[in-house]
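Here the structure is laid out as structure tokens; the discussion comes afterwards.
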Amino acid sequence: MEDTKVVVIKDGKINSGNQEVVQERDHKFLTLAVKEAYKGVEIGDGYPFGAVVVHNDEIVVSCHNMVRNHIDPTAHAEVTAIREACKKLNRFDLADCEMYASCEPCPMCLGAIHLSQVKRLVYGAKAEAAIVVGGFTYYKGDVPSGIALYQKANLKIEEARGADAITAEQVFEKTNA
């Protein structure tokens, strides 16, 4: 395999790293986000979405959708993770952090990710996977995607591929969003 260089955030600095190492790291944290999605559904807190915030290769928080638990339509996994990470780190700037989300974030979550200045976002399932089983029910027709807009705003966004994407999509099939 060719030794492709990619951007990795470590100790608040941008470094280049081996593609395989980054993929393994992304797999580890994305798997945790998917586990959070299952956990949220199992305990009845909300819908099958999970998010993990990482700082210096350490998990800051691992959260799931809390819409039902908090009776709050804004308590999506990503927003909940941002809120909890800011509290834990005692700051509202997450510029040296990364987020792993089990599914492509909705426009509200993308806005929150952008405002918190998360440097990198990796997501598993595409929004369409959630729609097929009843997720994103508030959209009629296509899900409006803000991905392109936010990539232009210096937020590095990456979609999971292969087994990680399939694993993330299975959350919706197995939990009937």
Side-chain angles (χ1 to χ4, degrees), residues 3-37 39-40 45-47 49-67 70 72-127 130 136 143-161 164-165 168:
D3 220 16
T4 308
K5 297 292 181 184
V6 296
V7 174
V8 180
I9 299 167
K10 178 116 173 113
D11 302 324
K13 298 176 187 158
I14 297 176
N15 302 310
S16 344
N18 181 294
Q19 179 73 29
E20 289 177 11
V21 172
V22 173
Q23 286 176 340
E24 184 176 307
R25 183 178 172 281
D26 287 351
H27 171 75
K28 171 183 161 184
F29 294 127
L30 190 56
T31 298
L32 289 173
V34 170
K35 285 181 181 179
E36 273 295 331
K39 177 181 172 184
D45 282 345
Y47 302 97
F49 299 92
V52 175
V53 175
V54 176
H55 178 258
N56 293 337
D57 285 339
E58 296 291 327
I59 297 168
V60 177
V61 294
S62 182
C63 298
H64 53 263
N65 182 290
M66 298 288 287
V67 168
H70 292 305
D72 177 359
T74 68
H76 291 196
E78 299 89 341
V79 173
T80 301
I82 289 167
R83 290 173 180 158
E84 294 301 316
C86 288
K87 285 179 193 173
K88 189 168 183 179
L89 297 172
N90 196 32
R91 56 192 167 104
F92 58 84
D93 177 349
L94 301 177
D96 55 352
C97 296
E98 297 169 281
M99 179 177 283
Y100 293 82
S102 63
C103 185
E104 179 179 357
C106 74
M108 177 188 70
C109 291
L110 279 169
I113 291 164
H114 174 69
L115 289 172
S116 70
Q117 300 181 35
V118 166
K119 197 64 164 175
R120 180 172 177 254
L121 165 68
V122 178
Y123 67 89
K126 299 270 300 160
F136 288 95
V143 176
S145 178
I147 297 289
L149 171 68
Y150 287 104
Q151 282 181 322
K152 293 176 185 173
N154 298 322
L155 170 61
K156 184 175 172 104
I157 301 173
E158 299 176 29
E159 177 186 346
R161 306 269 186 225
D164 285 335

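- Salt-bridge formation is not detected for the pair K28/D57: no Lys NZ or Arg NE/NH1/NH2 atom is positioned less than 4.0 Å from an Asp or Glu carboxylate oxygen.
- Residues S102 and A168 approach most closely at O-CB, 3.3 Å, considering heavy atoms.
- The line from CG of D96 to NE2 of H55 is 3.5 Å long, rounded to the nearest 0.5 Å.
- Here the closest heavy-atom approach between residue V61 and residue A81 is recorded as CG2-O, 3.4 Å.
- Of the possible polar contacts, one joining the N65 side chain to the Y47 backbone as a donor-acceptor pair under 3.5 Å is found.
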What do the steps show when you test E36 against Y100 for side-chain contact (heavy atoms from CB on, under 4.5 Å), and what is the final call?
-> CA-CA 11 Å; E36 273 295 331; Y100 293 82; over 6 Å; no

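- Shown here for V52 and A33, the closest heavy-atom pair between the two residues is CG2-N, 3.6 Å.
- Put simply, CG on L32 and NZ on K39 are 11.0 Å apart, with the number rounded to the nearest 0.5 Å.
- Separating the CG atom in L30 from the CE atom in M99 is a distance of 12.5 Å, to the nearest 0.5 Å.
- C106 contributes atom SG, which lies 6.5 Å from atom CD of E78 (distance to the nearest 0.5 angstrom).
- The heavy-atom pair separating C97 from V53 by the smallest distance is CB-CG1, 3.9 Å.
- Taking OG1 of T74 as the start and NE2 of H76 as the end, the distance is 7.5 Å to the nearest 0.5 Å.
- Residues V54 and V60 share a closest heavy-atom pair of C-CG2, 4.2 Å.
- No donor-acceptor distance shorter than 3.5 angstrom exists from the side chain of N56 to the backbone of E58, with no hydrogens or angles considered.
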Evaluate the side-chain contact (heavy atoms from CB on, under 4.5 Å) criterion for residues L110 and I157: first the C-alpha distance (whole Å), next the side-chain angles of each, then the deciding distance (0.1 Å), finally the verdict.
-> CA-CA 10 Å; L110 279 169; I157 301 173; 4.3 Å; yes

Start with the C-alpha distance between R120 and D26, add both sets of side-chain angles, then the distance that settles side-chain contact (heavy atoms from CB on, under 4.5 Å), and finish with yes or no.
-> CA-CA 11 Å; R120 180 172 177 254; D26 287 351; 2.6 Å; yes

Evaluate side-chain contact (heavy atoms from CB on, under 4.5 Å) for R25 paired with E98, printing each intermediate quantity in order.
-> CA-CA 12 Å; R25 183 178 172 281; E98 297 169 281; 2.4 Å; yes

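- Counting only distance, with no hydrogens or angles, the side chain of E104 and the backbone of A127 share a donor-acceptor pair below 3.5 Å.
- From Q23, atom CD reaches atom CZ of R161 across 11.0 Å, with rounding to the nearest 0.5 Å.
- Minimum heavy-atom separation, A77 to F49: CB-O, 3.4 Å.
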